Amino acid sequence: MRVVLYTGKGGVGKTTTAAATAVCAARRGIATLVVSADAAHSLGDVLDQRLDAPEARLEPQAVTENLHALEVDARAAMERHWGRVRDYLISLFRYQGIEEVVAEELALLPGAEELATLLAVEELASSGRFDFVIVDCAPTGSTLRLVTLPDVADGTLRWLLRLQKVLSSVVTPLARSLVPAPLPGAEVFRDADNLLYKKLHGLRKRLSSADTSVRLVVTPERMVIDEARRAHTDLALFDVGCDAIVMNRLLPEAACAEAFFQDWGAVQEERCREVEALFEPLPVLRAPLQDDEVVGLERLARQGEALFAEAEPDATLCKAPRPRYTRSKEGYRLSMSLPGASADDLDVVKMEDELVVTTASRRRAIALPRRIAALDLAGARLDRGRLVVRFAVAPS
Ligand SMILES: Nc1ncnc2c1ncn2[C@@H]1O[C@H](COP(=O)(O)OP(=O)(O)OP(=O)(O)O)[C@@H](O)[C@H]1O
Ligand SMILES: [Mg+2]
(Lines give C-alpha, C1' and ligand atoms only; values in the text may rest on other atoms or scores of the structure.)
(Ligands and ions follow the chains in the order given, each with its own letter.)
Protein backbone atom coordinates (compact mmCIF):
# COMPACT_ATOMS: atom_id res chain seq x y z
CA MET A 1 0.00 0.00 0.00
CA ARG A 2 1.49 3.24 -1.14
CA VAL A 3 0.77 6.57 0.62
CA VAL A 4 1.86 9.95 -0.75
CA LEU A 5 1.31 13.21 1.13
CA TYR A 6 1.49 16.54 -0.70
CA THR A 7 2.45 19.66 1.19
CA GLY A 8 4.06 23.06 0.59
CA LYS A 9 3.48 26.74 1.24
CA GLY A 10 -0.09 28.12 1.07
CA GLY A 11 -1.52 28.44 -2.44
CA VAL A 12 1.31 26.74 -4.38
CA GLY A 13 -0.96 24.07 -5.84
CA LYS A 14 -1.05 21.20 -3.31
CA THR A 15 -4.73 20.32 -3.83
CA THR A 16 -4.40 20.62 -7.61
CA THR A 17 -1.32 18.39 -7.67
CA ALA A 18 -2.86 15.81 -5.32
CA ALA A 19 -6.01 15.65 -7.46
CA ALA A 20 -4.02 15.55 -10.73
CA THR A 21 -1.90 12.67 -9.38
CA ALA A 22 -5.07 10.84 -8.36
CA VAL A 23 -6.80 11.24 -11.72
CA CYS A 24 -3.63 10.18 -13.54
CA ALA A 25 -3.18 7.08 -11.34
CA ALA A 26 -6.86 6.08 -11.69
CA ARG A 27 -6.64 6.36 -15.49
CA ARG A 28 -3.59 4.12 -15.44
CA GLY A 29 -5.64 1.46 -13.64
CA ILE A 30 -4.56 1.95 -10.02
CA ALA A 31 -7.26 1.72 -7.30
CA THR A 32 -6.80 5.23 -5.91
CA LEU A 33 -8.13 7.25 -2.99
CA VAL A 34 -7.47 10.97 -2.66
CA VAL A 35 -8.12 12.45 0.78
CA SER A 36 -8.14 16.04 1.96
CA ALA A 37 -6.67 16.40 5.45
CA ASP A 38 -6.69 20.20 5.25
CA ALA A 39 -9.44 21.65 7.47
CA ALA A 40 -10.08 24.23 4.72
CA HIS A 41 -11.18 21.61 2.17
CA SER A 42 -11.09 22.44 -1.52
CA LEU A 43 -10.68 18.95 -2.99
CA GLY A 44 -14.36 18.75 -3.97
CA ASP A 45 -14.07 22.10 -5.80
CA VAL A 46 -11.00 20.97 -7.72
CA LEU A 47 -12.58 17.62 -8.68
CA ASP A 48 -15.78 19.51 -9.44
CA GLN A 49 -17.77 17.10 -7.29
CA ARG A 50 -19.62 17.57 -4.00
CA LEU A 51 -17.78 15.76 -1.22
CA ASP A 52 -19.40 17.46 1.76
CA ALA A 53 -22.68 15.54 1.98
CA PRO A 54 -23.50 14.27 5.52
CA GLU A 55 -23.02 10.62 4.50
CA ALA A 56 -19.55 11.51 3.19
CA ARG A 57 -18.15 12.48 6.59
CA LEU A 58 -15.75 9.55 6.81
CA GLU A 59 -16.76 7.45 3.80
CA PRO A 60 -14.99 8.05 0.47
CA GLN A 61 -17.20 8.92 -2.51
CA ALA A 62 -16.79 7.32 -5.93
CA VAL A 63 -15.62 9.95 -8.45
CA THR A 64 -14.86 7.93 -11.57
CA GLU A 65 -13.46 4.50 -12.46
CA ASN A 66 -10.71 3.53 -9.96
CA LEU A 67 -11.04 6.81 -8.07
CA HIS A 68 -12.56 7.64 -4.69
CA ALA A 69 -12.27 10.93 -2.83
CA LEU A 70 -12.88 12.12 0.72
CA GLU A 71 -12.76 15.38 2.64
CA VAL A 72 -12.24 14.15 6.20
CA ASP A 73 -14.69 15.72 8.63
CA ALA A 74 -12.45 16.46 11.62
CA ARG A 75 -15.36 16.46 14.12
CA ALA A 76 -16.56 13.04 12.98
CA ALA A 77 -13.00 11.71 13.10
CA MET A 78 -12.68 13.04 16.66
CA GLU A 79 -15.83 11.22 17.71
CA ARG A 80 -14.57 7.99 16.19
CA HIS A 81 -11.01 7.98 17.51
CA TRP A 82 -11.02 10.16 20.57
CA GLY A 83 -14.60 9.84 21.80
CA ARG A 84 -14.57 8.51 25.35
CA VAL A 85 -11.13 9.87 26.21
CA ARG A 86 -12.40 13.29 25.26
CA ASP A 87 -15.67 12.84 27.17
CA TYR A 88 -13.65 11.98 30.26
CA LEU A 89 -11.48 15.09 29.89
CA ILE A 90 -14.61 17.22 29.51
CA SER A 91 -16.05 15.78 32.72
CA LEU A 92 -12.75 16.45 34.48
CA PHE A 93 -12.68 20.08 33.38
CA ARG A 94 -16.39 20.52 34.17
CA TYR A 95 -15.74 19.19 37.66
CA GLN A 96 -13.17 21.91 38.16
CA GLY A 97 -15.94 24.44 37.61
CA ILE A 98 -15.09 25.18 33.99
CA GLU A 99 -18.05 26.05 31.78
CA GLU A 100 -19.18 23.35 29.36
CA VAL A 101 -18.26 25.17 26.12
CA VAL A 102 -14.83 26.05 27.48
CA ALA A 103 -14.34 22.50 28.77
CA GLU A 104 -15.17 21.16 25.31
CA GLU A 105 -12.59 23.45 23.74
CA LEU A 106 -9.98 22.46 26.32
CA ALA A 107 -10.62 18.78 25.75
CA LEU A 108 -9.60 19.33 22.13
CA LEU A 109 -5.99 18.99 23.22
CA PRO A 110 -3.76 20.95 20.84
CA GLY A 111 -3.63 19.14 17.55
CA ALA A 112 -6.18 16.48 18.57
CA GLU A 113 -8.43 17.28 15.61
CA GLU A 114 -5.58 17.06 13.12
CA LEU A 115 -4.40 13.85 14.70
CA ALA A 116 -7.89 12.35 14.46
CA THR A 117 -7.96 13.33 10.78
CA LEU A 118 -4.73 11.48 10.18
CA LEU A 119 -6.02 8.48 12.12
CA ALA A 120 -9.03 8.41 9.78
CA VAL A 121 -6.62 8.39 6.82
CA GLU A 122 -4.64 5.56 8.41
CA GLU A 123 -7.83 3.56 8.93
CA LEU A 124 -8.63 3.87 5.22
CA ALA A 125 -5.04 3.16 4.19
CA SER A 126 -5.03 -0.08 6.16
CA SER A 127 -8.51 -1.13 4.96
CA GLY A 128 -7.07 -2.91 1.92
CA ARG A 129 -9.62 -1.21 -0.36
CA PHE A 130 -7.08 0.94 -2.18
CA ASP A 131 -3.61 0.45 -3.66
CA PHE A 132 -2.69 4.11 -3.61
CA VAL A 133 -3.73 6.75 -1.07
CA ILE A 134 -2.94 10.40 -1.80
CA VAL A 135 -3.26 12.95 0.99
CA ASP A 136 -3.80 16.65 0.30
CA CYS A 137 -2.31 18.28 3.40
CA ALA A 138 -2.59 21.72 4.93
CA PRO A 139 0.29 24.19 4.31
CA THR A 140 3.76 23.11 5.46
CA GLY A 141 3.69 24.32 9.08
CA SER A 142 0.50 22.44 9.95
CA THR A 143 1.59 19.33 8.08
CA LEU A 144 4.79 19.17 10.05
CA ARG A 145 2.82 19.47 13.21
CA LEU A 146 0.56 16.74 11.92
CA VAL A 147 3.29 14.23 11.18
CA THR A 148 5.10 14.97 14.43
CA LEU A 149 1.93 14.66 16.51
CA PRO A 150 2.01 10.90 17.02
CA ASP A 151 5.29 11.40 18.92
CA VAL A 152 3.95 14.29 20.98
CA ALA A 153 0.58 12.69 21.71
CA ASP A 154 2.35 9.49 22.63
CA GLY A 155 4.24 11.29 25.42
CA THR A 156 1.17 13.11 26.74
CA LEU A 157 -1.07 10.05 26.67
CA ARG A 158 1.56 7.87 28.29
CA TRP A 159 1.83 10.36 31.14
CA LEU A 160 -1.95 10.53 31.51
CA LEU A 161 -2.28 6.77 31.54
CA ARG A 162 0.45 6.33 34.12
CA LEU A 163 -1.13 8.88 36.39
CA GLN A 164 -4.55 7.36 36.04
CA LYS A 165 -3.36 3.81 36.53
CA VAL A 166 -1.71 4.84 39.77
CA LEU A 167 -4.85 6.66 40.86
CA SER A 168 -7.20 3.80 40.11
CA SER A 169 -4.99 1.19 41.72
CA VAL A 170 -4.65 3.06 44.99
CA VAL A 171 -8.17 4.40 45.12
CA THR A 172 -10.72 1.81 46.23
CA PRO A 173 -14.34 2.16 45.12
CA LEU A 174 -15.19 3.40 48.61
CA ALA A 175 -12.58 6.11 48.44
CA ARG A 176 -13.66 7.11 44.94
CA SER A 177 -16.34 9.37 46.32
CA LEU A 178 -13.74 11.19 48.43
CA VAL A 179 -11.26 11.86 45.62
CA PRO A 180 -11.58 15.44 44.43
CA ALA A 181 -11.98 14.59 40.75
CA PRO A 182 -14.01 12.18 38.64
CA LEU A 183 -11.95 9.06 37.96
CA PRO A 184 -12.02 7.51 34.53
CA GLY A 185 -13.94 4.28 34.11
CA ALA A 186 -12.37 1.11 32.73
CA GLU A 187 -13.64 1.92 29.22
CA VAL A 188 -11.68 5.18 29.19
CA PHE A 189 -8.51 3.24 30.00
CA ARG A 190 -9.30 0.76 27.28
CA ASP A 191 -9.85 3.52 24.74
CA ALA A 192 -6.74 5.44 25.77
CA ASP A 193 -4.69 2.23 25.68
CA ASN A 194 -6.08 1.38 22.27
CA LEU A 195 -5.44 4.91 21.01
CA LEU A 196 -1.90 4.85 22.28
CA TYR A 197 -0.68 1.34 21.59
CA LYS A 198 -2.63 0.44 18.47
CA LYS A 199 -3.61 3.56 16.61
CA LEU A 200 -0.76 5.97 17.33
CA HIS A 201 1.88 3.31 16.89
CA GLY A 202 0.21 2.17 13.69
CA LEU A 203 0.25 5.74 12.42
CA ARG A 204 3.89 6.29 13.38
CA LYS A 205 4.82 3.08 11.62
CA ARG A 206 2.91 4.10 8.53
CA LEU A 207 4.58 7.53 8.39
CA SER A 208 8.08 6.07 8.74
CA SER A 209 7.40 3.22 6.33
CA ALA A 210 9.39 3.07 3.10
CA ASP A 211 6.00 2.95 1.28
CA THR A 212 5.02 6.40 2.56
CA SER A 213 6.50 9.56 1.06
CA VAL A 214 5.96 13.28 1.19
CA ARG A 215 6.16 15.32 -2.01
CA LEU A 216 6.91 18.99 -1.53
CA VAL A 217 5.15 21.33 -3.94
CA VAL A 218 6.98 24.55 -4.82
CA THR A 219 6.72 27.39 -7.32
CA PRO A 220 9.78 29.18 -8.73
CA GLU A 221 9.87 31.72 -5.88
CA ARG A 222 12.53 32.15 -3.24
CA MET A 223 10.28 32.19 -0.13
CA VAL A 224 8.41 29.12 -1.27
CA ILE A 225 11.63 27.21 -1.90
CA ASP A 226 13.12 28.26 1.47
CA GLU A 227 10.06 26.96 3.32
CA ALA A 228 10.25 23.65 1.46
CA ARG A 229 13.91 23.31 2.42
CA ARG A 230 13.10 23.68 6.11
CA ALA A 231 10.28 21.19 5.78
CA HIS A 232 12.62 18.72 4.09
CA THR A 233 15.05 18.87 7.03
CA ASP A 234 12.31 18.63 9.65
CA LEU A 235 10.54 15.72 7.98
CA ALA A 236 13.82 13.81 7.88
CA LEU A 237 14.27 14.52 11.57
CA PHE A 238 10.96 12.74 12.17
CA ASP A 239 11.97 9.92 9.86
CA VAL A 240 9.37 10.75 7.20
CA GLY A 241 10.88 10.36 3.74
CA CYS A 242 10.41 12.75 0.78
CA ASP A 243 10.55 11.18 -2.67
CA ALA A 244 10.11 14.16 -5.02
CA ILE A 245 9.73 17.90 -5.43
CA VAL A 246 6.92 19.22 -7.62
CA MET A 247 7.78 22.45 -9.39
CA ASN A 248 4.39 23.96 -10.23
CA ARG A 249 3.29 26.91 -12.35
CA LEU A 250 6.23 26.88 -14.75
CA LEU A 251 5.84 29.17 -17.74
CA PRO A 252 5.67 27.00 -20.87
CA GLU A 253 8.66 27.25 -23.24
CA ALA A 254 6.57 28.90 -25.96
CA ALA A 255 5.67 31.72 -23.56
CA CYS A 256 9.31 32.19 -22.52
CA ALA A 257 10.23 32.74 -26.16
CA GLU A 258 8.05 35.88 -26.20
CA ALA A 259 10.10 39.04 -25.66
CA PHE A 260 8.02 40.14 -22.63
CA PHE A 261 8.62 36.88 -20.75
CA GLN A 262 12.26 36.26 -21.70
CA ASP A 263 13.75 37.47 -18.39
CA TRP A 264 11.09 35.62 -16.52
CA GLY A 265 12.00 32.42 -18.34
CA ALA A 266 15.69 32.84 -17.46
CA VAL A 267 14.96 33.37 -13.75
CA GLN A 268 12.67 30.38 -13.75
CA GLU A 269 15.32 28.14 -15.33
CA GLU A 270 17.83 29.32 -12.72
CA ARG A 271 15.40 28.52 -9.89
CA CYS A 272 14.76 25.06 -11.31
CA ARG A 273 18.48 24.30 -11.36
CA GLU A 274 18.80 25.70 -7.85
CA VAL A 275 15.98 23.44 -6.63
CA GLU A 276 17.57 20.41 -8.29
CA ALA A 277 20.85 21.14 -6.52
CA LEU A 278 19.27 21.97 -3.13
CA PHE A 279 17.14 18.85 -2.93
CA GLU A 280 19.48 16.43 -4.66
CA PRO A 281 18.99 13.42 -5.04
CA LEU A 282 15.21 14.05 -5.15
CA PRO A 283 13.76 14.21 -8.67
CA VAL A 284 11.97 17.44 -9.64
CA LEU A 285 8.63 16.89 -11.38
CA ARG A 286 7.65 19.86 -13.51
CA ALA A 287 4.08 21.10 -13.99
CA PRO A 288 3.25 23.89 -16.43
CA LEU A 289 1.23 26.98 -15.63
CA GLN A 290 -2.15 26.37 -17.27
CA ASP A 291 -4.07 29.09 -19.04
CA ASP A 292 -6.96 28.77 -16.58
CA GLU A 293 -7.77 27.23 -13.19
CA VAL A 294 -7.11 23.48 -13.10
CA VAL A 295 -10.61 22.26 -12.26
CA GLY A 296 -12.47 19.14 -13.42
CA LEU A 297 -11.30 15.68 -14.44
CA GLU A 298 -10.11 16.54 -17.96
CA ARG A 299 -7.88 19.44 -16.92
CA LEU A 300 -6.57 17.45 -13.96
CA ALA A 301 -5.76 14.50 -16.23
CA ARG A 302 -3.74 16.81 -18.49
CA GLN A 303 -1.84 18.21 -15.51
CA GLY A 304 -1.23 14.67 -14.24
CA GLU A 305 0.15 13.51 -17.60
CA ALA A 306 2.55 16.48 -17.66
CA LEU A 307 3.77 15.59 -14.16
CA PHE A 308 4.10 11.88 -14.73
CA ALA A 309 5.22 11.75 -18.36
CA GLU A 310 8.25 9.72 -17.35
CA ALA A 311 7.27 8.11 -14.04
CA GLU A 312 4.41 6.23 -12.46
CA PRO A 313 2.41 8.38 -10.02
CA ASP A 314 2.52 5.67 -7.33
CA ALA A 315 6.21 4.81 -7.71
CA THR A 316 8.69 5.56 -4.94
CA LEU A 317 10.60 8.16 -6.91
CA CYS A 318 13.57 8.30 -4.53
CA LYS A 319 14.41 6.02 -1.64
CA ALA A 320 15.30 7.98 1.49
CA PRO A 321 18.01 6.38 3.58
CA ARG A 322 16.64 5.28 6.97
CA PRO A 323 18.36 5.90 10.34
CA ARG A 324 20.91 3.21 10.93
CA TYR A 325 22.81 1.94 13.95
CA THR A 326 26.17 0.32 13.28
CA ARG A 327 28.81 -1.09 15.60
CA SER A 328 32.03 0.87 15.92
CA LYS A 329 35.31 0.40 17.73
CA GLU A 330 34.22 2.57 20.65
CA GLY A 331 30.59 1.39 20.80
CA TYR A 332 27.81 2.28 18.32
CA ARG A 333 27.14 4.88 15.66
CA LEU A 334 23.76 6.30 14.61
CA SER A 335 23.53 7.73 11.12
CA MET A 336 20.39 9.56 9.95
CA SER A 337 19.54 11.76 7.00
CA LEU A 338 19.23 15.45 7.92
CA PRO A 339 19.36 17.28 4.59
CA GLY A 340 19.79 21.05 4.68
CA ALA A 341 20.57 21.19 8.42
CA SER A 342 23.32 23.58 9.46
CA ALA A 343 25.82 22.82 12.22
CA ASP A 344 25.18 26.28 13.75
CA ASP A 345 21.54 25.49 14.52
CA LEU A 346 22.02 21.89 15.51
CA ASP A 347 22.06 20.62 19.05
CA VAL A 348 22.33 16.97 20.08
CA VAL A 349 22.09 15.77 23.69
CA LYS A 350 21.40 12.44 25.33
CA MET A 351 18.85 12.44 28.14
CA GLU A 352 18.54 9.08 29.86
CA ASP A 353 17.27 6.70 27.18
CA GLU A 354 16.52 9.35 24.57
CA LEU A 355 18.57 11.29 22.09
CA VAL A 356 17.24 14.84 21.75
CA VAL A 357 18.03 16.42 18.39
CA THR A 358 17.19 20.10 17.87
CA THR A 359 17.37 21.82 14.47
CA ALA A 360 16.59 25.48 13.70
CA SER A 361 12.85 24.95 14.13
CA ARG A 362 12.12 21.50 15.57
CA ARG A 363 13.07 19.20 18.36
CA ARG A 364 12.73 15.44 18.40
CA ALA A 365 13.37 13.00 21.19
CA ILE A 366 14.45 9.70 19.64
CA ALA A 367 14.02 6.65 21.86
CA LEU A 368 17.30 4.74 21.89
CA PRO A 369 17.60 0.96 21.85
CA ARG A 370 18.43 -0.25 25.38
CA ARG A 371 21.96 -1.33 24.56
CA ILE A 372 22.78 2.11 23.16
CA ALA A 373 20.97 4.02 25.91
CA ALA A 374 23.47 2.51 28.34
CA LEU A 375 26.37 4.15 26.48
CA ASP A 376 27.66 7.73 26.63
CA LEU A 377 27.21 10.29 23.86
CA ALA A 378 30.72 10.63 22.43
CA GLY A 379 30.10 13.16 19.66
CA ALA A 380 27.91 14.28 16.78
CA ARG A 381 28.71 15.77 13.40
CA LEU A 382 27.05 16.60 10.09
CA ASP A 383 28.48 14.85 7.08
CA ARG A 384 27.05 15.71 3.64
CA GLY A 385 23.41 15.90 4.76
CA ARG A 386 23.66 13.13 7.34
CA LEU A 387 23.87 13.40 11.09
CA VAL A 388 26.33 10.94 12.57
CA VAL A 389 26.15 10.42 16.34
CA ARG A 390 28.77 8.37 18.19
CA PHE A 391 28.04 6.41 21.37
CA ALA A 392 30.84 5.01 23.48
CA VAL A 393 31.19 2.75 26.48
CA ALA A 394 31.31 4.93 29.60
CA PRO A 395 34.76 4.96 31.26
CA SER A 396 34.52 2.96 34.48
N1 LIG B 1 -0.23 24.76 -12.79
C2 LIG B 1 -1.26 25.59 -12.59
N3 LIG B 1 -1.71 26.37 -13.60
C4 LIG B 1 -2.73 27.22 -13.42
N5 LIG B 1 -3.39 27.36 -12.25
C6 LIG B 1 -2.99 26.61 -11.21
C7 LIG B 1 -1.91 25.68 -11.31
N8 LIG B 1 -1.75 25.07 -10.13
C9 LIG B 1 -2.68 25.59 -9.30
N10 LIG B 1 -3.44 26.51 -9.96
C11 LIG B 1 -4.54 27.30 -9.40
O12 LIG B 1 -4.07 28.01 -8.27
C13 LIG B 1 -5.04 28.06 -7.25
C14 LIG B 1 -4.48 27.46 -5.95
O15 LIG B 1 -4.21 26.08 -6.16
P16 LIG B 1 -4.47 24.98 -5.03
O17 LIG B 1 -5.79 25.18 -4.39
O18 LIG B 1 -4.16 23.66 -5.62
O19 LIG B 1 -3.31 25.40 -4.03
P20 LIG B 1 -3.08 24.87 -2.52
O21 LIG B 1 -1.61 24.84 -2.36
O22 LIG B 1 -3.84 23.63 -2.30
O23 LIG B 1 -3.71 26.06 -1.69
P24 LIG B 1 -4.07 26.08 -0.12
O25 LIG B 1 -2.75 26.33 0.57
O26 LIG B 1 -5.01 27.20 -0.01
O27 LIG B 1 -4.65 24.73 0.21
C28 LIG B 1 -6.24 27.32 -7.78
O29 LIG B 1 -7.12 28.26 -8.32
C30 LIG B 1 -5.68 26.44 -8.89
O31 LIG B 1 -6.61 26.14 -9.91
MG1 LIG C 1 -5.27 23.14 -0.80
Side-chain angles (χ1 to χ4, degrees), residues 4-25 33-52 63 67 69-74 113-114 117-118 121 133-147 214-232 235 242 244-256 261 264-265 267-269 271-272 275 284-309 313:
V4 167
L5 299 102
Y6 282 102
T7 190
K9 204 171 166 60
V12 291
K14 299 176 288 296
T15 308
T16 307
T17 310
T21 308
V23 174
C24 175
L33 168 69
V34 57
V35 186
S36 163
D38 183 354
H41 296 300
S42 63
L43 184 62
D45 295 341
V46 170
L47 289 168
D48 201 16
Q49 172 151 346
R50 279 204 66 176
L51 297 174
D52 57 355
V63 177
L67 181 59
L70 171 70
E71 292 178 341
V72 179
D73 179 332
E113 263 191 357
E114 289 151 297
T117 304
L118 215 56
V121 175
V133 175
I134 300 161
V135 189
D136 168 27
C137 295
T140 332
S142 314
T143 306
L144 282 170
R145 228 162 67 83
L146 202 72
V147 298
V214 171
R215 291 181 188 158
L216 295 165
V217 184
V218 297
T219 49
E221 284 142 325
R222 166 101 329 112
M223 273 166 65
V224 172
I225 297 168
D226 284 348
E227 188 165 318
R229 272 191 79 186
R230 286 193 292 274
H232 189 208
L235 286 164
C242 288
I245 304 294
V246 173
M247 190 68 147
N248 191 24
R249 293 175 176 276
L250 289 176
L251 277 183
E253 265 176 43
C256 296
F261 287 119
W264 208 331
V267 169
Q268 178 173 292
E269 206 31 59
R271 292 274 152 81
C272 282
V275 164
V284 178
L285 307 174
R286 297 179 175 219
L289 176 71
Q290 305 275 2
D291 53 11
D292 195 1
E293 282 192 320
V294 192
V295 170
L297 296 182
E298 285 317 310
R299 284 183 155 263
L300 287 169
R302 235 178 295 146
Q303 186 79 351
E305 286 305 323
L307 276 166
F308 298 102

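Atoms within each ligand, like the ligands themselves, are counted from 1 in listed order. Heavy-atom basis, side chains included; hydrogens, waters and symmetry copies ignored. Numbers here are sequence positions counted from 1. Keep in mind that this is a model prediction, so the values were computed, not measured.
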- prompt: Tell me, do Asn248 and Gln303 make a side-chain contact under 4.5 Å, heavy atoms counted?
  reply: yes
- line: Ranked by distance from atom 24 (P) of ligand 1, the top protein heavy atom is Gly11 N, 3.6 Å
statement: protein heavy-atom neighbour closest to atom 29 (O) of ligand 1 works out as Glu293 OE2, 2.8 Å
- prompt: Does Leu51 reach the side chain of His41, with side-chain heavy atoms less than 4.5 Å apart?
  reply: no
query: What pair of heavy atoms forms the shortest contact from Leu235 to Cys242, and how long is it?
result: CD1-SG, 3.8 Å
message: I need the minimum non-hydrogen distance between Val295 and Asp45, along with the two atoms involved.
response: CG1-O, 3.5 Å
message: Minimum distance, heavy atoms only, to atom 25 (O) of ligand 1: which one of Gln303, Lys9, Lys14 is it?
response: Lys14
field: Those atoms of ligand 1 less than 4.0 Å from some heavy atom in Asp38
entry: 27 (O)
- request: Tell me which protein heavy atom sits closest to atom 30 (C) of ligand 1, plus the residue, atom name and distance to 0.1 Å.
  value: Thr16 OG1, 3.7 Å
- prompt: Looking only at protein heavy atoms, which one is nearest to atom 8 (N) of ligand 1, and how far off is it?
  reply: Asn248 ND2, 3.0 Å
query: Has Val217 got any heavy atom lying under 4.0 angstrom from an atom of ligand 1?
result: no
task: For atom 11 (C) of ligand 1, grab the closest protein heavy atom and report residue, atom and distance to one decimal in Å.
output: Arg249 NH2, 3.5 Å
Salt bridge present between Lys9 and Asp226 (N-O < 4.0 angstrom): no
- prompt: Does any non-hydrogen side-chain atom of Val294 lie less than 4.5 Å from one of Leu300?
  reply: yes
message: For Pro288, state whether at least one heavy atom is located under 4.0 Å from any atom of ligand 1.
response: yes
query: Which atoms of ligand 1 have any heavy atom of Gly10 under 4.0 Å away?
result: 25 (O)
field: Heavy-atom pair with the smallest gap, counting every atom of Ala138 and Thr7
entry: O-OG1, 3.1 Å
- prompt: Any idea which protein heavy atom is nearest atom 4 (C) of ligand 1, and the distance to it?
  reply: Gln290 N, 3.4 Å
query: Can you list the ligand 1 atoms lying under 4.0 Å from a non-hydrogen atom of Leu289?
result: 1 (N), 3 (N), 4 (C)
statement: Which of Thr21, Asp136, Thr17 passes side chain to side chain donor-acceptor pair (under 3.5 Å) with Tyr6? Answer is Thr21
- request: Specify the protein heavy atom at minimum distance from atom 31 (O) of ligand 1: its residue, its atom name, and the distance to 0.1 Å.
  value: Val294 N, 3.2 Å
query: Say you draw a straight line from CZ of Arg299 to CD of Glu293; how long is it, rounded to the nearest 0.5 Å?
result: 9.0 Å
field: Atoms of the protein (N/O/S only) found under 2.8 Å from the Mg ion (ligand 2)
entry: Thr15 OG1
message: Just so I know, are the side chains of Leu297 and Asp48 near enough to count as touching, which here means a heavy-atom distance under 4.5 Å?
response: no
message: Please report whether ligand 1 has a polar contact with Gly13, defined as an N or O pair separated by less than 3.5 Å (distance criterion only).
response: yes
message: With respect to Val295, determine whether any N or O atom, backbone or side chain, lies less than 3.5 Å from an N or O atom of ligand 1.
response: no
Atom of Ala22, atom of Val34 and distance for their closest heavy-atom approach: CB-CB, 3.7 Å
message: Return the CD to CD distance between Glu253 and Gln268, rounded to the nearest 0.5 Å.
response: 10.0 Å
statement: Between the CD1 atom in Ile245 and the SG atom in Cys272, the distance rounded to the nearest 0.5 Å is 11.5 Å
Residue, atom name and distance, where the atom is the protein heavy atom closest to atom 22 (O) of ligand 1: Thr15 OG1, 2.7 Å
message: To the closest 0.5 Å, what do you measure between CG (Leu289) and CG (Leu251)?
response: 6.0 Å
